[in-house]
Amino acid sequence: MSDLKLYNTLTREKELFIPLTPGEVKMYSCGPTVYNRPHIGNLRTFLWSDLLRRYLEWRGLRVKQVMNITDVEDKIIRDANKAGQDIGTYTAPFIDEFHAAVAEMRIRPADAYPRATEYIPQMIELVQHLTERGHTYTADGSTYFRVSTLPGYGKLSRIEIDATSDFSRIESDEYEKESARDFVLWKGKKEGEPAWPAPIGEGRPGWHLECSAMSMNLLGETFDIHTGAVDLIFPHHENEIAQSEGATGKPFVRYWVHGEHLNLDSQKMSKSVGNIYTLPDIKEMGYSPLALRYALLSVPHRTKLNFTEQSLDDARNALGRIESFLLRLDDLARSAPRDAAQSDGHADQLIGRFLIAFEEAMDDDLNTAGALGALFTFIRGANIAIDAGRISAADAEGMRTAMMKIDPVLDIFPKRDEVLDGDIEKMIEARIAARKARNFAESDRIRDQLLARGVILEDTAQGTRWRRK
Ligand code: AMP
Ligand code: ZN
């Protein structure tokens, strides 16, 4: 079993990670609220969530990761109304942009991307369960969760509930962490808002309800890991726990993993403040998605990260060092006659130390700074040994193999002989356009072209996904 330790917000401790079902991990990551373009702060969170999944898989576990797409919520409705569009039309380009950015960042797709609007019946059912168990009341056509009915409410955010707590009703999805409030589960229909018919009254779901319903439907009533950035601890995740545990009487999530924010000038990067950079902005500044990936990954998820251009320059330099080293190994493996230089065991020592240090760092709550430190210590040591003529062709190949061993986790090495992710996305877009225009010959041609380059397309209800052969 794995020796991976994860900091669990629920217990405020680094805990040994043990999945509920041996060998299998079920994880839910709060996904984007699609009223705007994803910014690189969002990408930071999606990136380390994927890193966690990659590392669990590297450790030999099977992982099912679900990431929701919040496509109905207060801000979406506000902005869609402003634009004079229905929410489906308004959110579609932001959903596309999210998938494109994720792919370019080498964030692997989740196993499912449920959309809130596709799970309305399950959400209604959840409210009905909560009502049966005495946790709700209705007022003005909306249904609220009565926080005082659930002993233990506040256990995640450690909010105190006592006689002085303010149990006023709150309709908005987001509010400050100041007091426990009865929160809305189902919002009664209002003029100018989308609404669904329901036995609990025509209306729409609250944001917190969405995640409880989608996660439990796809992963079960109790699952292993739930991720998000720290802004979601209260009220969102606290209320998810209340809804899920209130309805099932079972523990909801075993490990709550939260990451710190990406800041700009020490302020949280956020769509509502507007101090954001998107991935296209970064590319316009002349940096590759890979440089951003490196810059974001180089700081462990629980450490605040202030975004600067300097960090992208540093990332670019670091990537350059890695690339030169890999080329140097290739040259060495090719040019030296295979058995000419005797291995003196030094390379094996360097490799051994590297892999142990990498694993130890990652086991320590995904300490990516330590993992990259191990990588560069290895590269430095190997370069010195190469300069000293101590590395045989076989050693060089062994070193390359060691580098490739950690590649599935960090995925920061340059990829050769492959189509770049950005190109794949462009070709997929061209194929979607061709299909819309009912030009099936062209769409088939693009599919075959991608297949020939090792990329398999899958048309799903959520859109077209791709994977490498
Ligand atoms: P949103 O689209 O705002 O619902 O956010 C999607 C994910 O990004 C959530 O897990 C948020 O907690 C996270 N997030 C939002 N802003 C930031 C930020 N500045 N840094 C890191 N993560 C963020
Ligand atoms: Zn959520």
Side-chain angles (χ1 to χ4, degrees), residues 9 27-52 65-76 79 91 94-95 97-99 101-102 105 107 110 113-116 119 123 126 156-157 173-174 177 183 205-219 223 225-244 252-253 256-279 292 295-297 299-307 311:
T9 310
M27 90 185 240
Y28 184 87
S29 304
C30 282
T33 307
V34 284
Y35 73 103
N36 208 328
R37 311 167 66 184
H39 59 69
I40 59 174
N42 302 134
L43 293 177
R44 177 184 190 196
T45 298
F46 303 146
L47 186 56
W48 67 251
S49 297
D50 178 47
L51 179 81
L52 171 55
Q65 186 195 18
V66 171
M67 178 178 281
N68 67 294
I69 293 185
T70 301
D71 63 351
V72 52
E73 167 274 357
D74 297 348
K75 295 188 290 289
I76 294 175
D79 289 359
T91 54
F94 301 128
I95 296 175
E97 194 166 331
F98 156 75
H99 286 301
V102 158
M105 291 290 290
I107 297 169
Y113 288 107
R115 295 184 186 190
Y119 282 78
M123 293 171 199
L126 187 54
L156 182 71
S157 57
D173 285 327
E174 288 168 286
K177 178 183 170 172
F183 59 93
W207 172 38
H208 315 306
L209 185 71
E210 297 178 3
C211 279
S212 279
M214 289 186 278
S215 61
M216 290 199 293
N217 268 279
L218 288 163
L219 298 174
F223 58 91
I225 301 176
H226 195 313
T227 69
V230 289
D231 56 319
L232 299 188
I233 297 173
F234 186 89
H236 187 51
H237 290 162
E238 192 70 66
N239 291 349
E240 276 189 45
I241 294 177
Q243 295 162 154
S244 299
F252 174 44
V253 168
W256 284 94
V257 182
H258 291 103
E260 269 296 342
H261 289 138
L262 182 70
N263 293 333
L264 195 66
D265 300 329
S266 305
Q267 199 188 6
K268 178 193 168 199
M269 191 173 284
S270 100
K271 287 181 255 196
S272 45
V273 176
N275 59 341
I276 62 169
Y277 282 95
T278 63
L279 181 59
L292 179 63
L296 295 177
L297 272 187
V299 177
H301 67 289
R302 288 202 309 117
T303 305
K304 283 196 184 74
L305 173 53
N306 202 42
F307 175 71
S311 66

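Values reported hereafter were calculated over all heavy atoms of this structure, with side chains retained and with hydrogens, waters and symmetry mates removed. None of the values given here were measured: they were computed from a predicted structure. First listed ligand is number 1; within each ligand, the first listed atom is number 1.
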Q. How does Leu262 reach ligand 1, by side chain, by backbone, by both or by neither, if only non-hydrogen atoms under 4.0 Å count?
A. both
Any [X] side-chain heavy atom under 4.5 Å of [Y] side chain:
X: Val257; Y: Trp48; value: yes
X: Ile276; Y: Arg37; value: no
X: Leu305; Y: Glu260; value: no

Q) Angle class for the Phe46/Phe98 ring planes (parallel below 30°, perpendicular above 60°, tilted otherwise)? A) perpendicular
Q. Which word best sums up how the rings of His237 and Trp256 line up, parallel for under 30°, tilted for 30 to 60°, or perpendicular for over 60°?
A. tilted
Q: State whether His237 contributes an N/O/S atom found under 2.8 Å from the Zn ion (ligand 2).
A: no
Q: Look at His208 and state whether any of its N, O or S atoms is less than 2.8 Å from the Zn ion (ligand 2).
A: no
Which ligand 1 atoms are under 4.0 Å away from a heavy-atom of [X]?
X: Lys271; result: 1 (P), 2 (O), 3 (O)
X: Pro32; result: 2 (O)
X: Thr45; result: 10 (O), 13 (C), 21 (C), 22 (N), 23 (C)
X: His39; result: 16 (N), 17 (C), 19 (N)

Just verifying a value: how many Å separate [X] [atom1] and [Y] [atom2], rounded to the nearest 0.5 Å?
X: Ser215; Y: Met67; atom1: OG; atom2: CE; answer: 13.5 Å
X: Ile107; Y: Leu43; atom1: CD1; atom2: CG; answer: 5.5 Å
X: Gln65; Y: Tyr113; atom1: CD; atom2: OH; answer: 7.0 Å

Tell me: protein heavy atom nearest [atom], and distance?
atom: atom 19 (N) of ligand 1; result: Met269 O, 2.8 Å
atom: atom 12 (O) of ligand 1; result: Asp231 OD1, 2.7 Å
atom: atom 10 (O) of ligand 1; result: Ala229 N, 3.4 Å
atom: atom 21 (C) of ligand 1; result: Gly41 O, 3.0 Å

Q) So, Ser157 versus Glu238: side-chain donor-acceptor pair below 3.5 Å or not? A) yes
(Q) I'd like to know if Gly31 contacts ligand 1, where contact means a heavy-atom distance under 4.0 Å to any ligand atom. (A) yes
(Q) So for ligand 1, is Leu232 a polar contact partner (N or O within less than 3.5 Å, distance only)? (A) no
Q) Who gets closest to atom 5 (O) of ligand 1 by heavy atom: Ile40, Leu47, Thr33, Asn42? A) Asn42
